[in-house]
Amino acid sequence: MTDPVGNNSWRPSAQISVLAQRAGLIAQIRQFFAHRKVMEVETPCLSLATVTDLHLQSFSTRYTGPGLANGKTLYLQTSPEFAMKRLLAAGSGSIYQICKAFRNEECGRFHNPEFTILEWYRPDFDHHQLMQELDELMQRICNTSAASRLSYQQAFVHYLNIDPLIADLQTLRQAVIGLGHNELAEHEEDKDTLLQLLFCEVIEPQIGRQAPCFIYDFPASQAALARLSPEDARVAERFELYYQGVELANGFHELTDADEQRQRFEQDNLKRRQNGKQEKPVDTHLLAALHAGLPDCAGVAVGIDRLMMLALGQNAIDDVISFGINHA
Amino acid sequence: MASYSTNEFKAGLKIMLDGEPCNVMENEYVKPGKGQAFNRVKIRKLISGKVLEKTFKSGDTVDGADVIDIDLAYLYSDGEFWHFMNNETFEQIAADSKAVGDNAKWLVENDVCTLTLWNGAPISVSPANFVELEITETDPGLKGDTAGTGGKPATLATGAVVRVPLFVQTGEVIKVDTRSGEYVSRAQK
């Protein structure tokens with residue numbers, strides 16, 4: 001036990017003046033949605049099920065209570081997506097939420113294991129219409145100029161002279177070796193891992209410097225919860241937003257097909273097994289809601305802490321949250 | 001030797017890369033929105049001294065390097081090896097010219113130096129930050145100059161050449177900063 005006297009570790013990681021500015025911007029975000037008649041909702045942080053995504057590690061805890069003397073595992077949400085889709089299926093119409101999300105094993109200049117998400121859904125929007133609305137929010141909150149748009153394929157062809165939709169493993173390995181990462185390239189069997197590395201190292205630092213940049217139509221193998229494009233089944237109607245080297249948002253023209261959603265969960269769990277990770281319980285409530293009928297809609301999640309970093313000119317996520325994980 | 005996962009990476013950790021012991025200088029966590037997380041790591045190779053950036057998949061492991069720093073007193077050179085002694089155990093270790101490199105000119109008998117050992121063998125020798133050495137040769141210079149306008153070269157007992165003020169003469173002992181190779185002052189008697 002260290003002597004508490006003269007120890008500054010109780011202090012916030014952000015300056016109080018920054019927290020005040022943050023509060024002002026969050027009030028503006030709420031106004032933005034109120035004007036557009038998007039309803040604010042709250043959904044539970046704790047759930048019986050969780051994401052199956054290989055690259056998302058959820059926190060879990062034990063719940064004991066009446067009728068559950070032996071306890072039950074509950075998961076902290078990695079995003080409010082599943083519960084919000086259940087509201088949409090129940091007829092909520094356009095909804096948004098500002099809430100905490102939790103992701104284990106993620107910490108760094110742009111990551112805190114507990115962070116704030118802004119997530120919203122728009123029935124009858126496709127991903128391009130939702131990009132437009134996110135662009136308008138960015139202009140309001142960050143005073144940015146109009147965003148540019150590049151498809152995932154255009155970005156790879158332009159910055160790496162590689163077509164990500166047809167490139168074979170060998171081509172991608174060569175490109176990664178060209179960056180000096182021989183050991184990583186030689187043993188990597190997964191094309192998506194190589195594509196993601198090339199994106200992080202080569203494309204991300206060059207896009208969205210002056211104005212935000214949307215990257216859309218990701219390879220189908222990185223569809224997550226987006227529907228596949230009816231025009232080109234090699235891509236999924238998914239987008240991300242980049243500004244000043246920071247990934248700010250991820251959105252989908254949402255998959256509404258329950259059977260395909262179940263298959264993707266099972267595929268994820270298969271990948272988890274192959275990678276020596278524990279399988280995760282599939283969210284049967286979400287599947288039942290999709291069966292009942294999710295309206296055609298688009299949804300997006302924005303990292304609020306990163307948005308605050310950019311809007312307020314701060315260098316690290318700890319500078320815009322009251323207590324970073326090392327002070328929590 | 002232990003292996004380390006990327007979650008254990010931090011400045012100062014010694015790991016093996018390309019068969020060479022390396023020092024981790026910086027470690028940055030990078031993750032695409034959906035997808036594989038990476039650690040972008042800045043590393044200094046301890047033998048070649050090269051600094052490079054490497055990217056690991058988060059959760060990957062690498063072998064640790066058995067590297068330690070110890071303080072030893074310099075004894076003498078036999079022309080091929082430089083001999084050092086642990087003042088507590090009196091154990092002696094010899095370093096070759098590859099390990100000593102350019103720092104040979106700053107080794108003063110009985111001065112304590114820091115040796116970096118890899119698997120027990122010296123891979124680098126760092127002299128004390130300040131050493132005192134006698135001037136064996138320098139031009140007499142002008143009398144009355146005390147401002148040190150530019151100075152003059154002086155050869156020291158170990159063969160090192162440093163710039164000294166004009167008033168410092170052959171036979172005097174001076175204090176030198178080994179990190180910059182610059183004259184500091186006349187040695188305190």
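We name chains A, B, ... by the order of the sequence lines, and we start the count at 1 in each one.
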Name the member of A:Glu240, A:Glu204, A:Glu188, A:His181 that forms the most heavy-atom pairs with chain B at distances under 4.5 Å.
A:His181

With no hydrogens and no angle check, is any side-chain donor or acceptor of A:Arg264 less than 3.5 Å from a backbone partner on A:Ala224?
yes

Between A:Lys271 and A:Glu266, does any side-chain N to carboxylate O distance fall below 4.0 Å?
no

Salt-bridge test for B:Glu28 and B:Lys42: reply yes if a basic N is under 4.0 Å from a carboxylate O, no otherwise.
no

At a 4.5 Å cut-off on heavy atoms, which part of B:Asn27 comes close to chain A: side chain, backbone, both, or neither?
neither

Taking only Lys NZ, Arg NE, NH1 and NH2, and the carboxylate oxygens of Asp or Glu, determine whether B:Arg40 and A:Glu201 approach each other closer than 4.0 Å.
yes

Under 4.5 Å to a heavy atom of chain B? For A:Leu197 that would be both

Would you say A:Thr50 and A:Ser58 are linked by a side-chain donor-acceptor pair, where the criterion is simply a distance under 3.5 Å?
yes

When A:Glu105, A:Glu247, A:Gln222, A:Gln196 are compared by non-hydrogen pairs under 4.5 Å with chain B, the top option
A:Gln196

Given that the side chain runs from C-beta out, which part of A:Asp53 has a heavy atom under 4.5 Å from chain B: side chain, backbone, both or neither?
side chain

